[in-house]
Q: 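Mind having a look at this structure? Questions to follow.
Just so we're on the same page: letters track the sequence lines, and every chain starts at 1. No experiment lies behind these values; they were computed from the predicted model shown.
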Protein chains: 2
Amino acid sequence: MAARVGLTPERLTQAAAELADEVGFDQVTVSALARHFDVKVASLYSHVKNSQDLRTRIALLALEEMADRAADALAGRAGKDALTAFADVYRDYAREHPGRYAAAQLRLDPETAAASAGVRHAAMTRAILRGYDLTEPDQTHAVRMLGSVFHGYVSLELAGGFSHSAPDAQESWSRILDALDALLHNWPTA
Amino acid sequence: MAARVGLTPERLTQAAAELADEVGFDQVTVSALARHFDVKVASLYSHVKNSQDLRTRIALLALEEMADRAADALAGRAGKDALTAFADVYRDYAREHPGRYAAAQLRLDPETAAASAGVRHAAMTRAILRGYDLTEPDQTHAVRMLGSVFHGYVSLELAGGFSHSAPDAQESWSRILDALDALLHNWPTA
DNA sequence: TGCATCTGCCTAAAGCCTTTAGGCAAACGG
DNA sequence: CCGTTTGCCTAAAGGCTTTAGGCAGATGCA
């Protein structure tokens, strides 16, 4: 009867990611996705295991996209230049793709996480620190701190925490990166 | 027929908060709450406007509880002592009450946010900076950075980001607070 | 104490989302 | 050209949300 639409897990994931950016990650639903393709809901279950599977796929896509951008931004840069470029990747990505960014915060089970682009993120963060003079275990502490600041700031900004108050969010972001650079140059030893 | 159970918005909110800590904030549902009180679902709608209202109440409760703890921790402390005590309040609260902590991240509409304990949090963060020598606008940048680090670290730790890898999360947390203290003492000027 | 009112929890029902089972026809491969 | 595979469909069950309307226990006043 109806012509085949040509659904695949990839197309579904892509469309779901766009949907997430439009209406919010937790509004992404198998039903909404089916409506988008003008297809019956049950049809999607041949391509995606269930609702949770769909969400996980969006998360993995977002992690990949961010890692790709980060790798690109890091090429040929070092020191503060690398730090800034790397940080901006996350902030810009979150602003461009709030739904995908929210998806990337999804708690993945350990095996899925290990196979995700999350490991690339960790490796790149460590690579940035090569521009500073940190040895273990301080390097790990610094990795965790950078991750926390980036994630925390972007989350708060996305949640509207800094809007409608001076100074603007961009200004604080720049000055915080200055501060982080200074801190990494002068990391206190125990 | 059935004896009155004595439902109130407060009791519902309290029970919902406990439920959130047990099963996760996004598993908190009007239906689950009704089951907990052994009452029909519709009965709750006399006390709570809807599902979103229930979630918001949990968030407001969490913000209040955290602000109370923070105010307590801050009393009689200054400088790094205050910084550490304040930071530990958030981390400990999140570990004790993961569901409530997740609730506190809920995006509130501006008016609700303005009337919430969120303003106390901002004021207390600023109070901590009195122990350091920062003037505007750097003080605001520092407030935002502290908020980002605390929120970011706690979120990542809660998401399991630091588990099963050395050094342990407590060690990093201590060293990051050392680093923040050093940074605030030596904030780079533009 | 008796009665009227109010309040609180109930039944009923509609709407939407998820997920599984089984069917039919279009696409594909020999 | 025809058999098989594959993809989307119908059907159905179960859960959560929310509104409307009803009945009885609690409350308050005489």
Q: Once ring-ring contact (aromatic ring centres under 6.0 Å, His included) is applied, what residue pairs with a partner in residues 117-143 of chain B remain, sequence neighbours excluded?
A: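 Output for this query lists B:Tyr90-B:His121, B:Tyr132-B:His185.
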Q: Report, as yes or no, whether the 6.0 Å neighbourhood of atom CG on A:Asp53 holds more than 12 heavy atoms from other residues, nucleotides or ligands.
A: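 Yes, enclosed.
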Q: Could you tell me whether the phosphate oxygens of C:dC9, OP1 or OP2, come under 4.0 Å of any side-chain nitrogen or oxygen in B:His47?
A: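 Yes, because at least one side-chain N or O of B:His47 sits under 4.0 Å from OP1 or OP2 of C:dC9.
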Q: Would you say A:Trp187 and A:Leu180 are hydrophobically clustered, going by side-chain heavy atoms of ILVMFWY under 4.5 Å?
A: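 Cluster IDs for A:Trp187 and A:Leu180 match.
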Q: Could you check which of D:dT18, C:dT7, C:dA27 has an atom nearest any side-chain atom of A:Arg4?
A: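 Nearest to the side-chain atoms of A:Arg4, counting from C-beta on, is C:dA27.
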Q: Report the distance from atom CD of A:Gln27 to atom P of C:dT18, rounded to the nearest whole Å.
A: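 After rounding, the reported distance stands at 11 Å.
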Q: Taking salt bridge (Lys or Arg N to Asp or Glu O under 4.0 Å) as the definition, give me every residue that meets it alongside B:Arg77, ordered by chain and number, with sequence neighbours left out.
A: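 B:Arg77 satisfies salt bridge (Lys or Arg N to Asp or Glu O under 4.0 Å) with B:Asp81 once adjacent residues are dropped.
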Q: Using side-chain heavy atoms (C-beta onward) and a distance below 4.5 Å, is B:Leu19 in contact with B:Gln27?
A: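 No, every pair of side-chain atoms sits at 4.5 Å or beyond.
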Q: Assess, by modelled atom type and distance only, whether the side chains of A:Trp173 and A:Asp88 contain a donor and an acceptor separated by less than 3.5 Å.
A: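 Yes, A:Asp88 and A:Trp173 have a side-chain donor paired with an acceptor closer than 3.5 Å.
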Q: Do the side chains of A:Glu157 and B:Arg144 get close enough for a salt bridge, i.e. N-O under 4.0 angstrom?
A: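 No salt bridge links A:Glu157 with B:Arg144.
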Q: For DNA chain D, determine which residues of residues 29-45 of chain B have any heavy atom closer than 4.0 angstrom to one of its atoms, and list them numerically.
A: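 Residues of residues 29-45 of chain B under 4.0 Å from DNA chain D: B:Thr29, B:Val30, B:Ser31, B:Arg35, B:Val41, B:Ala42, B:Tyr45.
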Q: Give me the residues of residues 51-60 of chain A where at least one heavy atom lies under 4.0 Å from an atom of DNA chain D, by number, or none.
A: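 Output list: empty, so none.
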Q: Residues from residues 10-21 of chain A sitting under 4.0 Å of DNA chain D, heavy atoms only?
A: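 Nucleic-acid contacts, sorted: none.
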Q: Return the value, rounded to whole Å, for the distance between atom CG of A:Asn50 and atom P of C:dA21.
A: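 After rounding, the reported distance stands at 14 Å.
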Q: Looking at B:Asp178 and B:Arg175, is there a salt bridge between them, counting it only when a charged N and a carboxylate O are closer than 4.0 Å?
A: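 A salt bridge is present here (some side-chain N lies under 4.0 Å from a carboxylate O).
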Q: Under 4.0 Å between a side-chain nitrogen and a carboxylate oxygen: does that hold for B:Arg55 and B:Asp26?
A: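 Salt bridge between B:Arg55 and B:Asp26, a charged N being under 4.0 Å from a carboxylate O: no.
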Q: Using the salt bridge (Lys or Arg N to Asp or Glu O under 4.0 Å) criterion, which residues pair with A:Glu171? Sequence neighbours excluded.
A: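 Scan of A:Glu171 (salt bridge (Lys or Arg N to Asp or Glu O under 4.0 Å), adjacent residues dropped) gives none.
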